[in-house]
Amino acid sequence: MCRGNTFKRKFPLMIMVEDGPALSLGLTCKYCARCEFIIAHSHELEAELCTAFEKIAPAKTGNDYHVVGVMDKKVWKKGLKAGSPSGNAMDAVIFFKQYLTLEFSPGGWGYRGDQ
Ligand SMILES: [Zn+2]
């Protein structure tokens with residue numbers, strides 16, 4: 001929104017899937033440090049989600065989902081090392097305050113409205 005430069009950074013996104021398990025997914029997003037704004041491409045996110053769900057809950061692949069926040073990186077890494085998410089993963093989630101939908105147009109990324 002500030003039209004400043006964004007840079008790429010990997011975020012452990014916490015995703016709630018309708019009628020399915022919650023999961024954390026490491027995804028490289030664009031990030032604006034000034035606005036604390038994370039931009040994820042829905043097609044990249046959905047591709048990762050499909051891959052994950054084919055392993056853990058194939059019947060739930062394609063269900064509606066909601067990205068609720070970002071997990072604390074330290075907790076997330078601990079979970080990765082242990083091979084499974086830690087029990088209180090939700091306690092380590094920093095929930096998003098606002099969602100915006102951006103669409104690419106020839107003029108650049110644009111703001112379409114609140115969801
Ligand atoms: Zn910004």
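Counting convention: from 1, in listed order, for ligands and their atoms alike. Nothing here was measured: the structure is a model prediction, and the numbers come from that model.
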### Side chain proximity check, Phe37 to Leu100, heavy atoms < 4.5 angstrom
yes

### Task
Could you tell me how the ring of His66 sits relative to the ring of Tyr99: parallel (under 30°), tilted (30 to 60°) or perpendicular (over 60°)?
tilted

## Note on the structure
Taken to the nearest 0.5 Å, the spacing of Asn63 CG from Met16 CE works out to 13.0 Å

### Message
I'd like to know whether CG of Asp91 has more than 12 heavy-atom contacts from other residues, nucleotides or ligands below 6.0 angstrom.
### Response
yes

### Query
Which residues and atoms, counting only protein N, O or S, are under 2.8 Å from the Zn ion (ligand 1)?
Cys2 SG, Cys32 SG, Cys35 SG

### Task
List for me each residue that meets side chain to side chain contact (heavy atoms under 4.5 Å, CB included) alongside Ala47, sequence neighbours excluded, and say none if there are none.
none

### Task
Kindly indicate whether the side chain of Arg9, heavy atoms from C-beta on, has any atom under 4.5 Å from the side chain of Phe7.
yes

